[in-house]
Amino acid sequence: MKLKLSDFLKCMSASISVLMVTSLLAVTPAQAAGGGGPEIKRQVWSFNGFFGKYNKAQLQRGFGVYKEVCAACHGLKLLSYRNLVQVGGPEFSKEQALAIAKEATIIDGVDEDGEPKEREGKLSDRFASPFKNDTQARASNNGALPPDFSVIAKARTYHRHVPWYTEPYYWAYDMATGYEEKGVDYLYALLTGYKTPPRGMKLGDGMNYNEVFPGHQIAMAAPLSEDAVEYADGTPTSLNQHAKDVSAFLAWASEPHLNARKDLGKRVLIYLTILALLLFLAKRSLWARVKH
Amino acid sequence: MSSDNDDVARRDFLMVAAGSVAGVGGACALWPLIDQMNPDASAKALASIEVDLSPIKDGQAITIMWRGKPIFIRKRTADDIKAAQEIPVSDLPDPEADTDRVQNDEWLVLIGICTHLGCIPRGQAAGDVHGDFGGWFCPCHGSHYDTSGRIRKGPAPKNLAVPPYKFLTDTKIKIG
Amino acid sequence: MSDHSSTYEPTNGFTRWLDERLPIMRLMHGQFIDFPTPRNLNYLWTFGAILTFCLAIQLITGIVLAMHFIPHGDFAFASVEHIMRDVNWGDLIRYTHFVGASMFFLAAYIHMFRGLYFGSYKSPREIIWILGVLIILCMIITAFMGYSLVWGQMSFWAVTVITNLFTAIPIVGESITQWIWGGYSVGDPTLNRLFSLHYLFPFIIVALVALHIWALHVVGSNNPTGVEPKTENDSVSFYPYYVIKDSFATMVFALLFAWFVFYAPNYLGHSDNFIEANPLQTPPHIVPEWYFLPFYAILRAIPDKLLGVVTMMAAICVLFIIPWLDTSKIRSTRYRPLLKPFFWLFVITCLVLGYCGAKSPDYRFVEMADTQKYTSKAAAVSAKEEILSKNKHADLEIIESINSKEITYDLKNTKFKLTNQVLSLLLTFYYFAFFFAIMPIVGLIETPHKLPGSIAESVLGKSSADKAQ
């Protein structure tokens, strides 16, 4: 017994034609006010999609950029130094990670006088924050608070500049292809989006022009430049490469188990497909005796 | 026969009485279970706060938390006061005279929550944007508030609310 | 339960002993093995089983997550991230729970539309339907509370916005809101009680589901023809026929579920919820999860706060009374030519309402405007005043747009626009009109198609159905 699909399709085609007509009526593309700025481009990421996986070398380079440039202001408070060794991440050696941890000063417990005691970092420690608290962070940054980077790659997004009636198509496409890199694409666009401000634009005190930042005025000065960080593996040290690597590193920081998850996912999907197939065959042979 | 009827009547009465007493007892026992959800003693202790105004200089503003909401306290300059009082009340989207919003012309005390969708307007720090009317500007949807915290431009329907407060001394207020 | 007698025969000493004391095996056998079920159910009828599967998944993953979650404003966000990063299998368990909520609602909405299309709410199944509405109501409350526990920006402000709706109640609104908050704004006490209730509600749902199935087994399943089973030839036993069919459908659904868990776990969420709750900063756009969007659109369509809340509540509560709003004697819309287009329009209305809920209220779906570009603000303002002097009612707007080279000021003279607000209002109108006008009137004036004499006849054709008897 089938649902009368034809009726449904008739209704759908009618509504689609209504949408087409209304879209033709729209002389100017309906766009949210206050938009502007270029469309954010999707980058090719090694960890995108069904077969996606982090690139270990890229994460190591990205961590270098984070440590040399970002870490001065931005914390990674949800991560521990041990995570740097973890499978599916930058996979530094234990010694390398320990050396990184040791550079940090950690406040742990109190000495005999009851004063806070400092020691060097261990692998089990959380990443040391660059500031003692938010107030200090603001005070040292012209009133702006540098956000923590632990989940920044999932905490940012952008809106695609497409007419509203095509949006559902893009949603379906993104779901079907497993596109979860909106945040990373935004980070890359932000890091490479510092331009000279347009003629006549008055920037606030200490503000910088960035073409993708909402409102175009950002407190952070352009953090990256060509050759800002040395790469041990000989990868060209262009600004774009730095931006790409550090964005990838931040993607890992916010989703550290992605490799394992996508790996297991394939097995689960195969298992479910086989089970569904077996059940389908069982169902078919069983119901063959009963007309329905 | 009549004694039988009396018995039945007495029994009915006792049943109803027992039922009512049980019901009242149940309702009384229920009340603590409902009331426990109301703001507790530690929350009530913070229901009113005292603020020392003496360190605030002319034109400066501070933000303090009261009942989990930001309170803006601004020491207005003579220009601020003049601007707030000069504008004809009838021209305002939410007509309210400046004198009805302050107890002392110098001190403006407001709940710093935009009346549009509850965002926190900017304009507290010296370097902040103050909007077109020298007060506050809400970055979410662009509402401009004047030096009396009144809405002048943008989508917000109402002026910034004034919390209940009173002056304990010339430089000390109690909010709440 | 239903009056058919169980063919259960205890097979050994223990089951005989148990059967005399607690005939639970007999009950289960009668309800889930022998139970006569219409032979013509299509795949839309598998969603009952799929929903049971979803509920079980949410319960199991939820109980496990509660072992690691900390319901305190300072720790909630970090404890969720702790689950995601450090707890063994934590990321998968949480993603399953998070995606599971979406899947649960997806299945529930399909189940509801199926009931609506095939008239499963009609006599004698009113109680089944009403219990179902109670279940979806509890699901909405549970999902809302669960979403708040993450204590991200969207969680916090969703709680703020929704609890603030209670302030719309005259006189006691403020006190009720503070009672819900346990303070003077959303804070730790609020989070803690939301957690407590989020753990409680699923068990209420389980109880309601038990009643839902009980009521279903008293009168039996509806079927695509809406004709009640008359002879044995119309039904098959639940086991093995529907056990296998439901299992197959559930596994296909599980494939979709798994796709989201493993390959797009955050797609159905919102990026702002990865920013820890901050009572001092509101996200620029507050949007609920996708499954609340149609209701959110209805809430915003009405400009008045109290009326908006009442309308939104009514949008759910109207479902309680549709068994009495539908005047037709025919169950299945398949035989109702007049209702059918209205039904599909209703489905589209719900989908578009959802779309409206995702857009800001002043979003313009259709716009016809003349736009003039100016390079200075002063020029744009003077041009605006000039047009205003000619036409006082002109809808003018100056839009500053910044590109890498220059700032331009577009003076937009809008001639016609269809805003989200207006569209939502139109759709809300149809939403209610469908129940209060179309359902009662169509039932009275419609000439339905001829119903098949029996389920067997609809399946086998008239002659062979007679032969089989």
Side-chain angles (χ1 to χ4, degrees), chain A residues 1-4 7-8 11 15 22 25-28 30 32-33 35-38 49-50 78-79 83 147 150-151 154-157 164 168 174-175 178-180 182-183 195 198-201 211 216 254 256-257 261-262 264-265 268-269 272-273 275-276 279-280 282-283 286-287 290-292, chain C residues 39-42 44 78 81 84-85 91-92 224 236 240-241 244-245 247-248 251-252 254-255 258-267 271-272 274-275 334 340-341 344-345 348 355 359-360 362-369 371 375-376 397 399 401-407 418 458-460:
Chain A
M1 302 307 295
K2 273 175 236 136
L3 238 175
K4 281 264 177 91
D7 294 295
F8 175 67
C11 280
S15 63
T22 48
L25 279 175
V27 178
T28 51
F50 189 62
L78 296 173
L79 270 78
N83 294 135
S150 308
V151 281
K154 291 199 282 192
R156 293 292 181 275
T157 188
W164 62 268
D174 288 351
M175 281 187 259
Y179 171 68
E180 293 243 291
K182 265 192 158 179
K195 299 274 154 75
R199 265 182 287 118
M201 178 157 180
E211 61 176 4
H216 305 293
S254 65
H257 298 304
R261 166 160 62 78
K262 290 194 173 178
L264 181 62
V268 171
L269 288 181
L272 285 173
T273 309
L275 181 56
L279 283 165
F280 175 70
K283 185 243 154 201
L286 182 71
W287 280 83
V290 185
K291 204 168 171 220
H292 58 285
Chain C
R39 64 192 288 175
N40 61 338
L41 301 186
N42 61 34
L44 286 173
E81 280 300 319
M84 296 288 295
R85 289 159 192 275
D91 60 328
L92 289 177
V236 292
Y241 294 99
I244 290 291
K245 189 172 179 176
S247 304
F248 164 61
M251 282 311 114
V252 173
L255 270 166
W259 174 264
F260 275 100
V261 170
F262 290 103
Y263 296 101
N266 293 307
Y267 192 85
S271 61
D272 274 353
F274 285 103
I275 304 169
R334 186 183 282 179
K340 200 181 277 175
W344 286 113
L345 192 58
I348 291 166
Y355 192 88
K359 293 272 172 206
S360 69
D362 49 4
Y363 184 84
R364 293 170 183 187
F365 283 100
V366 184
E367 181 179 77
M368 284 197 282
T371 306
T375 44
S376 86
E397 199 183 357
I399 297 166
S401 68
I402 299 172
N403 63 38
S404 53
K405 288 190 202 76
E406 55 188 359
I407 308 176
L418 175 62
S458 81
V459 175
L460 307 168

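The sequence lines fix the lettering, A, B, ..., with proteins before strands; numbering per chain opens at 1. What you see below is based on every heavy atom in this structure, not just the backbone, and it leaves out hydrogens, waters and symmetry mates.
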Nearest heavy atoms of [X] and [Y], plus distance in Å:
X        : Y        : value
C/Val261 : A/Arg261 : O-CD, 3.7 Å
A/Ala155 : C/Ile275 : CB-CG1, 3.8 Å
A/His257 : C/Met84  : CD2-O, 3.1 Å
A/Gly178 : C/Ala264 : CA-CB, 4.3 Å
A/Trp164 : C/Tyr363 : CB-OH, 3.2 Å

Practice item. For each of A/Leu286, A/Leu272, A/Leu79, tally heavy-atom pairs with chain C at distances under 4.5 Å, and name the one with the top tally. Key: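 When all of A/Leu286, A/Leu272, A/Leu79 are compared, A/Leu286 has the most.
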Review point. Looking at A/Thr273, A/Asn83, A/Leu264, which makes the most heavy-atom pairs under 4.5 Å with chain C?
Key: A/Leu264
Exercise for review: Could you look at C/Asn266 and say if it's the side chain, the backbone, both or neither that has a heavy atom under 4.5 Å from chain A?
Suggested key: both
Exercise for review: Counting only heavy atoms closer than 4.5 Å, note whether C/Leu92 contacts chain A via side chain, backbone, both or neither.
Suggested key: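 For C/Leu92, side-chain heavy atoms alone lie under 4.5 Å from chain A.
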Practice item. Go through the atoms of A/Val268 and report whether side chain, backbone, both or neither lie under 4.5 Å from a heavy atom of chain C. Key: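 It is the side chain, since no backbone atom gets that close.
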Check your understanding: Is chain C contacted by the side chain of A/Lys195, its backbone, both, or neither, given a heavy-atom distance below 4.5 Å?
Key ->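 For A/Lys195, there is no contact with chain C at all, as no heavy atom is under 4.5 Å.
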Review point. Hey, is the main chain of A/Gly49 close enough, under 3.5 Å, to the side chain of C/Tyr263 for a donor-acceptor pair?
Key: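 No; zero donor-acceptor contacts below 3.5 Å.
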Review point. Hey, are the side chains of A/Leu269 and C/Phe262 touching, using non-hydrogen atoms and a 4.5 Å cut-off?
Key: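 SC-SC contact between A/Leu269 and C/Phe262 ruled out.
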Check your understanding: Can you tell if the side chain of C/Pro265 reaches within under 4.5 Å of the side chain of A/Glu180, non-hydrogen atoms only?
Key ->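 Heavy-atom side-chain distance check passes, below 4.5 Å.
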Point to revise | C/Tyr241: partners by ring pair (Phe, Tyr, Trp, His ring centres under 6.0 Å), with sequence neighbours left out | key: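 Checked C/Tyr241 against ring pair (Phe, Tyr, Trp, His ring centres under 6.0 Å); matches are A/Trp287.
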**Study point:** Euclidean distance, C/Asp272 CG relative to A/Arg156 CZ, rounded to 0.5 Å
**Key:** 8.0 Å
Exercise for review: Among C/Met251, C/Arg85, C/Lys245, C/Glu81, single out the residue with the greatest number of heavy-atom pairs under 4.5 Å to chain A.
Suggested key: C/Arg85
